[in-house]
Amino acid sequence: MAGDRFDLLITGAHLATMTGGEPCGVVRDGALAIRGGRIAWAGPQAALSRDVQATRTLDAGGRWLTPGLVDCHTHLVYAGNRAHEFAARLEGATYADIAKAGGGINATVRATRAATDDELAAASRPRLAALAAEGVTTAEIKSGYGLATLAELRQLRTARRVGAETGVDVRTTLLAAHAVPPEFAGRADDYIDLVCREMVPAAARDGLADAVDAFCETIGFTPEQTRRVFAAARANGLRVKLHADQLADTGGAALAAEFDALSADHLEYASEAGIAALARAGTVAVLLPGAFYALREPQPPPVAAMRARGVRMAVATDCNPGTSPVTSLLLMLNMACTLFRLTPAEAIAGATVHAARALGLDDRGTLAPAQRADLALWDIAEPAELAYRIGANPCAGIVRGGNVIEWPMA
Ligand code: DI6
Ligand code: FE
């Protein structure tokens, strides 16, 4: 390192590198150097050579530095809201009752289709900005509220647009198999034909989707229909993810594993065999405590089985207007610990390194050489504090791709 010149040197930071065996890969009194938008060096400040040179040096003032957070499961591009359904559920209506009565996902489809491009972006941008304010530097956004070819593509385009407008690196997922749209009522298989024949190829051809997802549930699509969507994804060179086993065990986890999915998400009712299949495939389990909480689900996901089998667990907001109207990933860390019994270190790994893997990204999620220099700086005394607080935002600084977006005054 002697004689090296860096673009940016951050000193006086405790590092949660999220590497190595120790919880959070902690390096106290650390420093981190950036060159060309990537981390060039991270380690104890005392190990920095005396003649190190940097174009710019920032002092972290003893705060904690983590990788920029990754929200790996959101549906944040939509119009309208479903507060009245929240009220109806409190009166005893179930999520399934509401969907059958024309509400639920299709209510948001109507509002989203009716919005202009600018209205859709304007409704969605603050949700992404709220995530960004908590140190999220990468977010996944799904379609699924268009449910027609052009409407789905527009949602993906809007996701990319709000990403560019807020500076968050957005990964898009085509979730055309989210619900049966009104034009196809009673003809789910015909709709899946359209998804496979037209929507998946169009999204792949236009480079608008990084992955394909499906809602495989008793109130969504069957495993057979999901299988057809996944085969189309594979034929078009796209990786898959799956909404699996949220409300019942439909064998979703095993199906995701069979298609080498990047992630299987929810998993409250996943079986032991399903978890074993995820472990074998290396598929990430994405835990979504916001939906679990909002639906007042009785059964938490089998976290102990996942841990025992070494399945990587991510934590995400599932930001959507129906079952998880959540724009705080930090709150999800807290709920993942309180409701699902993750350790704080597991929860933080779930919103950094494992969340990146759930998106197929291995260039971020840790503070290690060659990783993208996406960083969050925190006013906390120890990493567990990120999961401990409820409704606080201790984010004090943000660096994205080596660019300093926000930094505290000295
Ligand atoms: N993700 C989803 O896609 C559905 N549940 C979930 O966790 C619900 C989306 C909605 O109701 O709009
Ligand atoms: Fe979801």
Side-chain angles (χ1 to χ4, degrees), residues 71-86 88-89 93-113 123-124 127 139-147 152 155 159 171-181 211-221 226 229 240-248 250 252 256 261-270 284-297 299-301 314-327 329 332 335-336 339-340 355 358-359:
D71 191 349
C72 67
H73 180 143
T74 88
H75 310 246
L76 69 79
V77 170
Y78 64 84
N81 85 74
R82 311 226 300 268
H84 55 284
E85 290 183 10
F86 170 65
R89 282 206 309 274
T94 67
Y95 185 57
D97 294 339
I98 290 167
K100 277 196 204 99
I105 293 171
N106 268 312
T108 300
V109 170
R110 284 192 294 278
T112 301
R113 286 178 176 179
S124 308
R127 292 188 277 269
E140 185 253 20
I141 303 178
K142 301 173 195 295
S143 66
Y145 294 120
L147 308 187
E152 286 288 295
Q155 238 193 309
R171 300 279 132 176
T172 51
T173 301
L174 178 73
L175 177 57
H178 194 196
V180 179
V212 170
D213 193 349
F215 193 49
C216 182
E217 276 299 335
T218 43
I219 60 162
F221 293 96
T226 302
V229 174
V240 298
K241 310 168 76 68
L242 187 63
H243 282 73
D245 304 329
Q246 178 189 8
L247 306 170
T250 64
L262 291 167
S263 71
D265 303 41
H266 288 290
L267 299 172
E268 277 80 348
Y269 290 89
V284 178
V286 178
L287 307 179
L288 303 167
F292 173 86
Y293 165 81
L295 293 177
R296 295 194 295 173
E297 283 288 325
Q299 182 168 316
V315 177
T317 60
D318 197 13
C319 175
N320 79 63
T323 61
S324 194
V326 169
T327 46
L329 187 53
M332 296 304 98
M335 286 192 183
L339 301 175
F340 294 168
L359 298 176

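Throughout, numbering of the chain's residues begins at 1 and tracks the sequence. We count ligands from 1, going down the list as the structure has it; atoms in each ligand are counted the same way.
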- Could you tell me which atoms of ligand 1, counted from 1 in the order shown, lie closer than 4.0 angstrom to a heavy atom of G322? 11 (O), 12 (O)

- Identify, by atom number and element, the atoms of ligand 1 in contact range of I105, meaning under 4.0 Å from any of its heavy atoms. 9 (C), 10 (C), 11 (O), 12 (O)

- Query: If you count the atoms of ligand 1 from 1 in the order shown, which ones are under 4.0 Å from a heavy atom of H75?
  - Reply: 1 (N), 2 (C), 3 (O)

- Item | Enumerated ligand 1 atoms positioned under 4.0 Å from heavy atoms of H243 | 1 (N), 2 (C), 3 (O), 6 (C)

- Query: Quick one: which ligand 1 atoms are inside 4.0 Å of a heavy atom on F215?
  - Reply: 4 (C), 5 (N)

- Message: Side chain or backbone, does D318 bring an N or O within less than 3.5 Å of an N or O on ligand 1?
- Response: yes

- Message: For a 4.5 angstrom cut-off between non-hydrogen side-chain atoms, does L247 reach L295?
- Response: yes

- Considering all heavy atoms, the nearest T250-C216 contact: OG1-SG, 3.7 Å

- Query: Hey, does the side chain of E140 reach the backbone of R171 with a donor-acceptor pair shorter than 3.5 angstrom?
  - Reply: no

- Query: If you check every N/O/S atom of D318, which is the one nearest the Fe ion (ligand 2)?
  - Reply: OD1

- Any donor-acceptor pair under 3.5 Å linking the side chain of E152 with the backbone of L147? yes

- In Å, rounded to the nearest 0.5 Å, how long is the span from CG of D318 to CZ of F292? 13.5 Å

- Query: If you measure only the distance, is there a donor-acceptor pair under 3.5 Å linking the side chains of H266 and D245?
  - Reply: no

- Item | Heavy-atom closest pair, residues A214 and L242 | O-CD1, 3.2 Å

- Message: Please list the nearest protein heavy atom to atom 12 (O) of ligand 1 with its residue and the distance rounded to 0.1 Å.
- Response: Y145 OH, 2.6 Å

- Note: NE2(H243)-the Fe ion (ligand 2)-NE2(H73) angle, rounded to 10 degrees, equals 90°

- With a 4.0 Å cut-off on heavy atoms, does N320 reach ligand 1? yes

- Message: Among H178, H266, H73, which one puts a heavy atom closest to atom 3 (O) of ligand 1?
- Response: H178

- Item | Interfacing atoms of ligand 1 (cut-off 4.0 Å, heavy-atom, R82) | 10 (C), 11 (O), 12 (O)

- Query: Should T108 be listed as contacting ligand 1, given a heavy-atom distance under 4.0 Å as the test?
  - Reply: no

- Can any side-chain N or O of Q155 pair as donor or acceptor with the backbone N or O of Y78 at less than 3.5 Å? no

- Message: Testing the 3.5 Å rule here: is there a donor-acceptor pair between the side chains of H178 and H243?
- Response: no

